[in-house]
*Asks:* 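For reference, the structure I am asking about is given below.
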2 protein chains.
Amino acid sequence: MVALSLFFFKALGLSMQRKRNGYNDTDVPTLADVARLAGTSEITASRVVRNQGPIADATRARVQRAIAELGYIPNRAAGSLASAASTLMAVVLPSLSNIVFPDVLRGIHTAITETAFQPVIGVTDYDPVVEERILLSFLAWKPAAVIVAGLHHTATARRYLERGRFRVAEVMDIDGDPVDIAVGMSHHEAGHATGRHLISRGYRNFGYAGHMIETDDRASARYNGLRAALQEAGLSLVAEHRTPGGSSTKIGRDSLEILLAQHPELDVVIFPNDDMALGGIFHCMHAGIPVKEKLGIFGFNGLDIGQALPMPLSTILSRRFLIGRTAAEKLLESRVRPEDKTIINTGFDIIEGETA
Amino acid sequence: MVALSLFFFKALGLSMQRKRNGYNDTDVPTLADVARLAGTSEITASRVVRNQGPIADATRARVQRAIAELGYIPNRAAGSLASAASTLMAVVLPSLSNIVFPDVLRGIHTAITETAFQPVIGVTDYDPVVEERILLSFLAWKPAAVIVAGLHHTATARRYLERGRFRVAEVMDIDGDPVDIAVGMSHHEAGHATGRHLISRGYRNFGYAGHMIETDDRASARYNGLRAALQEAGLSLVAEHRTPGGSSTKIGRDSLEILLAQHPELDVVIFPNDDMALGGIFHCMHAGIPVKEKLGIFGFNGLDIGQALPMPLSTILSRRFLIGRTAAEKLLESRVRPEDKTIINTGFDIIEGETA
DNA sequence: AAGAATAATGACAGCGCTACCATAAAGCCC
DNA sequence: GGGCTTTATGGTAGCGCTGTCATTATTCTT
């Protein structure tokens with residue numbers, strides 16, 4: 001139907017106004033084309049498109065018919081330029097390699113799904129310099145809001161975040177001074193709680209099997225919190241092993257094997273996240289080590305897969321979906337940055353599980 | 001340093017030209033500001049920014065100094081409007097809930113990291129209507145290229161893809177007629193290969209534990225391929241169980257339990273993906289069923305986690321990273337859509353594993 | 001040395017849309 | 001009924017950038 005109408009429209013010699021300077025020689029319809037077909041001014045058609053201002057029902061219907069007939073798609077570049085603000089929400093995350101950040105993303109989606117906002121996603125691989133680069137390239141599109149992970153950024157990135165005329169949510173972490181809004185949990189506290197929990201369970205010979213991303217600030221904060229808790233109890237880490245690169249189940253498995261080879265006296269090993277802890281459990285299964293009785297295993301995140309294990313993983317639940325949703329909701333509350341900064345603690349839960 | 005210079009600049013009364021119509025009352029520097037400070041015309045400054053056309057070294061240096069001093073960020077909305085094309089690459093994927101699509105994304109990133117392109121990511125939750133909506137909202141930004149998953153789209157979406165003046169890559173699947181480029185593998189063949197492999201291993205009583213996303217075309221194609229292979233061997237599926245909703249390890253575990261309760265005679269169960277197959281293995285561990293000897297388990301994707309298990313999962317490796325990288329590379333080869341469609345088969349490998 | 005090619009720069013218009021202000025018509029108040 | 005608000009619509013002037021074409025300086029030919 002649409003195609004047919006378009007055909008007649010052109011066949012009747014009513015073809016859309018040619019673009020003037022020739023380099024846009026397509027027949028992509030513009031708002032002017034819609035207005036002409038609907039018999040209104042451009043600005044009225046624009047109001048219908050944006051559902052803004054008072055429009056007579058009959059006019060609205062005519063414009064909407066014209067839009068459908070032409071297959072008109074608004075040019076957001078033009079709209080953004082004219083109104084000095086876009087409907088984009090820039091989302092800059094460290095990684096998409098495990099479910100954690102996709103969960104945050106789903107939360108964001110949920111919050112903005114009924115609004116005009118569109119998320120634009122960038123991935124930094126935990127590199128602050130990459131974060132800065134991506135951030136600047138996103139700022140070139142004049143986003144209405146920015147969501148970034150964590151409170152640590154390059155000086156330049158921080159400056160742009162502070163000066164920009166957009167809302168900013170820093171998610172996951174609340175240990176620090178946010179630019180505008182911070183939504184997340186204290187990873188130091190989570191590490192501390194891990195330590196206290198395991199001590200109360202009777203574990204004494206603590207090992208840590210981590211990765212070597214120094215820029216994974218939150219894993220570092222949990223590690224420090226854990227050490228603090230041990231120290232308060234007069235204990236300390238007996239051993240730790242760090243594997244270069246990122247985190248994965250395979251690396252967790254290999255790390256635990258190496259760690260135990262050198263330190264068979266360990267009675268519990270903490271991993272920076274569930275993915276690696278799972279690898280630890282797989283190693284124990286393979287090596288015939290009774291998990292919990294002989295060796296406790298503790299993770300972080302509370303992923304579904306850890307809870308689907310024959311023995312549910314002992315870990316800490318981070319509320320990732322809630323963090324994403326809350327951050328986006330807060331950003332939508334007001335277009336202008338308020339005087340006061342907001343810090344929202346979404347907390348965490350210890351999942352006792354059966355592995356520690 | 002930058003901030004300091006800016007301060008002096010203003011203190012000396014050289015403050016940037018006020019915006020005329022008042023609604024953009026910020027001091028966000030524009031190309032005109034850069035040009036003024038560098039003592040050139042706007043268009044020359046523009047050429048420096050875009051690294052385009054012949055520029056004298058001295059001029060380039062002056063302009064770059066001005067850019068740094070002002071903290072100038074190009075307004076891509078204006079650039080995109082003026083040149084009728086953006087540097088955006090729209091990426092529309094069904095899900096980010098497992099590592100599969102993030103792997104594709106990493107491949108895309110790898111291919112475009114040295115170019116001016118920026119990916120814009122949308123998630124459809126396997127809903128073609130959502131896909132259409134996201135696609136249209138992305139087209140409003142005049143992307144230079146679009147990457148979508150699969151070859152099935154709503155009629156409207158397909159029409160826009162065909163008519164648009166941008167390159168299109170349809171990834172994951174090659175069983176069908178692409179708009180422009182298809183990069184992926186035949187999921188029907190993968191399912192077929194699964195069936196033949198398991199038959200050759202001596203399995204005869206086949207079960208299938210799946211989910212109920214009818215719109216997961218690729219899982220459906222694998223299912224059909226599997227059934228075809230069984231039929232060719234004079235066999236058929238003894239039983240299948242489908243759980244409503246998406247796929248997860250937990251669901252895989254529950255599905256297998258239900259399936260076995262009703263059909264204890266099964267000697268092998270195929271899952272639509274590794275996540276669910278993992279759940280199947282966890283059920284076996286829990287229920288004390290010897291995997292492979294008593295019950296074969298077969299997945300799809302070849303995720304790391306399945307290979308880190310005490311007994312590596314038998315599955316099919318899909319080349320997700322390669323698919324993403326190849327698709328993006330192909331898109332970069334030419335800005336205009338060629339006459340002929342391209343289909344690139346990235347193939348697959350059977351990972352024999354120890355579970356079937 | 002005259003002409004041709006190349007390098008370097010700029011003037012100008014316009015991309016498609018929306019903020020601002022103006023206008024006209026209709027309803028409302030006492 | 002005269003002023004007032006409210007509803008509905010339009011004219012105009014940009015938003016900040018880049019395509020096109022023109023111009024001038026410089027280098028290269030033969």
Side-chain angles (χ1 to χ4, degrees), chain A residues 16-36 38-63 67 70 72-87 116 139-142, chain B residues 16-36 38-63 67 70 72-87 116 139-142:
Chain A
M16 285 169 276
Q17 186 187 34
R18 287 264 128 215
K19 303 311 181 294
R20 278 116 304 213
N21 66 356
Y23 64 81
N24 182 352
D25 57 357
T26 63
D27 279 336
V28 175
T30 70
L31 198 57
D33 297 317
V34 171
R36 204 170 309 120
T40 72
S41 67
E42 279 189 57
I43 186 66
T44 297
S46 171
R47 288 187 182 116
V48 173
V49 170
R50 286 177 295 149
N51 204 19
Q52 202 234 54
I55 300 286
D57 289 345
T59 308
R60 183 189 315 277
R62 280 208 322 281
V63 171
I67 288 172
L70 297 175
Y72 168 72
I73 297 182
N75 184 329
R76 289 299 315 145
S80 173
L81 180 60
S83 66
S86 77
T87 55
L139 295 191
W141 293 99
K142 308 280 171 201
Chain B
M16 286 168 277
Q17 187 187 32
R18 288 265 126 213
K19 302 310 181 294
R20 278 115 308 213
N21 65 356
Y23 64 81
N24 182 351
D25 57 357
T26 63
D27 280 337
V28 175
T30 70
L31 198 57
D33 298 318
V34 171
R36 205 171 308 119
T40 71
S41 67
E42 280 188 58
I43 187 66
T44 298
S46 171
R47 288 184 183 120
V48 172
V49 170
R50 286 178 294 151
N51 204 19
Q52 202 235 54
I55 300 286
D57 289 346
T59 308
R60 183 190 314 278
R62 281 206 324 280
V63 171
I67 288 172
L70 297 175
Y72 168 72
I73 297 181
N75 183 329
R76 288 298 315 143
S80 173
L81 179 60
S83 67
S86 78
T87 55
L139 295 191
W141 294 98
K142 308 280 171 201

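Within every chain, numbering begins at 1; the chains are lettered A, B, ... in the order of the sequence lines, protein sequences first and strands thereafter.
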*Asks:* Think B/Ser46 has a side-chain N or O under 4.0 angstrom from the OP1 or OP2 of D/dC17?
*Replies:* no
*Asks:* Starting at atom CD1 of A/Ile67, determine the distance to atom P of C/dC17, rounded to an integer number of angstrom.
*Replies:*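 Interatomic distance, CD1 of A/Ile67 to P of C/dC17: 10 Å.
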*Asks:* Measure from the side chain of A/Leu81, starting at C-beta and using heavy atoms only, and say which of D/dT18, D/dG10, C/dG16 lies closest.
*Replies:* C/dG16
*Asks:* Counting heavy atoms from C-beta on, name the nucleotide in D/dG11, C/dG14, C/dA8 closest to the side chain of B/Ala82.
*Replies:*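 Selected nucleotide (nearest to the side chain): C/dG14.
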*Asks:* I need the B/Arg62 CZ to B/Asp57 CG distance, nearest 0.5 Å.
*Replies:* 12.0 Å
*Asks:* Determine, step by step, whether A/Arg60 and A/Asn51 satisfy the side chain to side chain contact (heavy atoms under 4.5 Å, CB included) criterion, reporting the C-alpha distance in whole Å, the side-chain angles of both residues, the deciding distance to 0.1 Å, and the verdict.
*Replies:* CA-CA 9 Å; A/Arg60 183 189 315 277; A/Asn51 204 19; 3.5 Å; yes
*Asks:* Considering every strand and a 4.0 Å limit on heavy-atom distances, what is the contact class for A/Ser80: base, sugar-phosphate, or nothing?
*Replies:*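 Nothing, no heavy atom under 4.0 Å.
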*Asks:* Report which part of the nucleic acid A/Thr59 touches: base, sugar-phosphate, or nothing (heavy-atom distance under 4.0 Å, all strands).
*Replies:*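 Contact class for A/Thr59: sugar-phosphate only.
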*Asks:* Taking the minimum atom-to-atom distance to the side chain of B/Ala56, which one of D/dT9, C/dA8, D/dG19 wins?
*Replies:*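 It is C/dA8.
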*Asks:* Side-chain donor or acceptor of B/Arg76 under 3.5 Å from a matching atom on the base of D/dG16?
*Replies:* no
*Asks:* Mind calculating the distance between CG (B/Leu31) and P (C/dA11) to the nearest angstrom?
*Replies:*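 Rounding to the nearest Å, CG of B/Leu31 and P of C/dA11 are 14 Å apart.
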*Asks:* With a 4.0 Å cutoff (strictly under), does any side-chain N or O of B/Arg50 reach OP1 or OP2 of D/dG19?
*Replies:*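 Checking D/dG19 against B/Arg50, a side-chain N or O does come within under 4.0 Å of OP1 or OP2.
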*Asks:* I need the CH2-P distance between A/Trp141 and D/dG16, as an integer number of Å.
*Replies:*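 Interatomic distance, CH2 of A/Trp141 to P of D/dG16: 16 Å.
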*Asks:* Indicate the atoms forming the closest heavy-atom contact of A/Trp141 with B/Thr87, along with that distance.
*Replies:*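 Result for this residue pair: CZ2-OG1, 4.3 Å.
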*Asks:* Any side-chain N or O of B/Thr44 under 4.0 Å from OP1/OP2 of C/dT9?
*Replies:*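 No, B/Thr44 has no side-chain N/O under 4.0 Å of OP1/OP2 on C/dT9.
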*Asks:* Atom CD1 of A/Ile55 and atom P of D/dG10: how far apart are they, to the nearest Å?
*Replies:* 9 Å
*Asks:* Does the B/Ser83 side chain pair with the main chain of B/Gly79, one donor and one acceptor, at a distance under 3.5 Å?
*Replies:* yes
*Asks:* May I have the distance from B/Arg47 (atom CZ) to D/dT20 (atom P), rounded to whole angstrom?
*Replies:*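 Checked: the CZ to P distance equals 12 Å.
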*Asks:* Heavy-atom nearest nucleotide on DNA chain C for B/Pro54 versus B/Lys142: which residue maps closer to 5'?
*Replies:* B/Pro54
*Asks:* Can you give me the closest heavy-atom contact between A/Ala85 and A/Arg76, atom names plus distance?
*Replies:* O-NH2, 4.2 Å
*Asks:* Could you state the atom-to-atom distance from CZ of B/Arg36 to P of D/dG16 in whole Å?
*Replies:*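 Distance check: B/Arg36 CZ to D/dG16 P gives 11 Å.
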*Asks:* C/dA7, D/dT18, C/dG16: which one has an atom nearest the side-chain heavy atoms of A/Asn75?
*Replies:* C/dG16
*Asks:* For the side chain of A/Gln52, starting at C-beta, report the closest nucleotide among D/dG16, C/dG10, C/dA19.
*Replies:*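 So the nucleotide nearest the side chain must be C/dA19.
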*Asks:* Let's see if you can work this out: which of D/dC17, D/dG19, C/dA19 has an atom nearest to the side-chain heavy atoms of B/Ile43?
*Replies:*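 For the B/Ile43 side chain, the nearest candidate turns out to be D/dG19.
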*Asks:* Would you kindly give the CG-to-C1' distance between A/Asn51 and C/dT18, to the nearest whole Å?
*Replies:* 16 Å
*Asks:* Choosing from C/dA11, C/dA7, C/dT18, which nucleotide comes nearest the side chain of B/Ser41?
*Replies:* C/dA11
*Asks:* Among C/dC17, C/dA7, D/dC17, which nucleotide has an atom closest to any side-chain atom of A/Ala78?
*Replies:*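 Closest of the options to the side chain of A/Ala78: C/dC17.
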*Asks:* Could you tell me the separation between the CG atom of A/Leu139 and the CD1 atom of B/Ile73, rounded to the nearest 0.5 Å?
*Replies:* 4.5 Å
*Asks:* May I have the distance from B/Glu42 (atom CD) to C/dG10 (atom C1'), rounded to whole angstrom?
*Replies:*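 So the two atoms are 11 Å apart, to the nearest Å.
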*Asks:* On DNA chain D, compare the nucleotides closest to A/Asp57 and B/Val49; which residue's is nearer the 5' end?
*Replies:*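 On the 5' side of the pair lies A/Asp57.
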